[in-house]
Amino acid sequence: MRPSFHPRLINDPFSDPGLYIPFLFEKRALMFDFGELYALSPRDLLKISHVFVTHTHMDHFIGFDTLLRVFLGREKELHIFGPPDFFTHVEGKLAGYTWNLVNEYQNNFTLKVTEVHPDKTLTRMYICKDRFRPEGQQIRGPFSGILWREPSFYVEAALLDHRIPCLGLSLVENFYVNIIKEGLKELGLPVGPWLNRFKKALYEREDPESDFHVAWEEGGTVIKKEKFNLGELARKIATISPGQKITYITDIIGSPENYEKVIKLASKADHLFIEAAFLDCDKETARKKYHLTAREAGELAKMAEVKQYTLFHFSPRYNHMAEEIEKEALEAALKEP
Ligand SMILES: [Zn+2]
Ligand SMILES: [Zn+2]
């Protein structure tokens, strides 16, 4: 089974946080946090459709400018989400530049910004051609944990405590469509882009009785076309299994309230990305700075029963001590109750 999402941290664990999540077979990606983005090519950056920012401390938000720059002058929409007060921070960034030339751009770029509150979301549009002035009214929506939903996945969030509100994030795939190679062979069907269309039809729960056309081409011309009943084709060439879950937790104090929320949000995740800013011997500093220790990160990975975890956001004071951080977290993750 090839996972649909291939998350990767954008920097080494001592540098700015950020998780880049490209989609398999699609020119698209999501992003959790954006610290310095220099490791990503403009091509990678242009795939991004949604960014979820945990909080606006500089190391998590400085990449905004880099991303904005590659999107300028393009026909694009970028949706970014952040904690309370996010409009103020985004508007402050936008106010830092002069926009007298943008009305000459041929294409239009729209920035959609959503502020997440404990009981509601507020969304505003900022249009490039309009010099990024806030457009229209704020749109109010309910918030009960889900920030974004599409047929094949959703993004869940929890407001955690970093002395300021900080978002914990999970990307959850609804289910996974696995293609049976043997089934394809029996029907004499080649692999190709039509499989994406087929998967999409399943994710969007299209009527199984509907027609599904398979067409394949060679050198740009369609050489064969065949019509199937969608449900029947699905039974022959696909199996459905649980989807992927990716959780991202950073910049939180190891308090009982945060523990409870993180364990729920990260429950049984396939991959947990979690900060391990300090070693347990510096627990007092971790508390004062509202960060987790490596021991706490390991403990949370264990309590949430995740399949795999990756640590990041190490304090620079442990330069050359990454192994100790990993070891401390692993001991906590493996500890018998
Ligand atoms: Zn922070
Ligand atoms: Zn940070």
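Order of appearance sets the numbers: ligands from 1, and atoms from 1 within every ligand. Counting begins at 1 with the first residue of the sequence.
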Chemist: Taking the Zn ion (ligand 2) as the vertex, how big is the angle to NE2 in His313 and NE2 in His60, rounded to 10°?
Modeler: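 Taking the Zn ion (ligand 2) as the apex, the two atoms subtend 100°.
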Chemist: I'd like to know if the side chain of Glu296 pairs up with that of Tyr259 as donor and acceptor (distance under 3.5 Å, no hydrogens or angles considered).
Modeler: no
Chemist: Is the distance between the ring centroids of Phe212 and Phe228 less than 6.0 Å?
Modeler: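 No.
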Chemist: From His291, does some N, O or S atom reach closer than 2.8 Å to the Zn ion (ligand 1)?
Modeler: no
Chemist: To the nearest 10 degrees, calculate the angle at the Zn ion (ligand 1) involving NE2 of His162 and ND1 of His57.
Modeler: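 Nearest ten degrees: 100°.
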Chemist: For residues Tyr203 and Phe153, establish whether the separation of their ring centroids is below 6.0 Å.
Modeler: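 Not close enough - the centres of the two rings lie 6.0 Å or further apart.
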Chemist: To check your reading of the site, what angle at the Zn ion (ligand 2) do OD2 of Asp251 and OD2 of Asp59 form, to 10°?
Modeler: 160°
Chemist: Ignoring hydrogens and angles, state whether a donor on the side chain of Thr110 or Glu77 is under 3.5 Å from an acceptor on the partner side chain.
Modeler: no
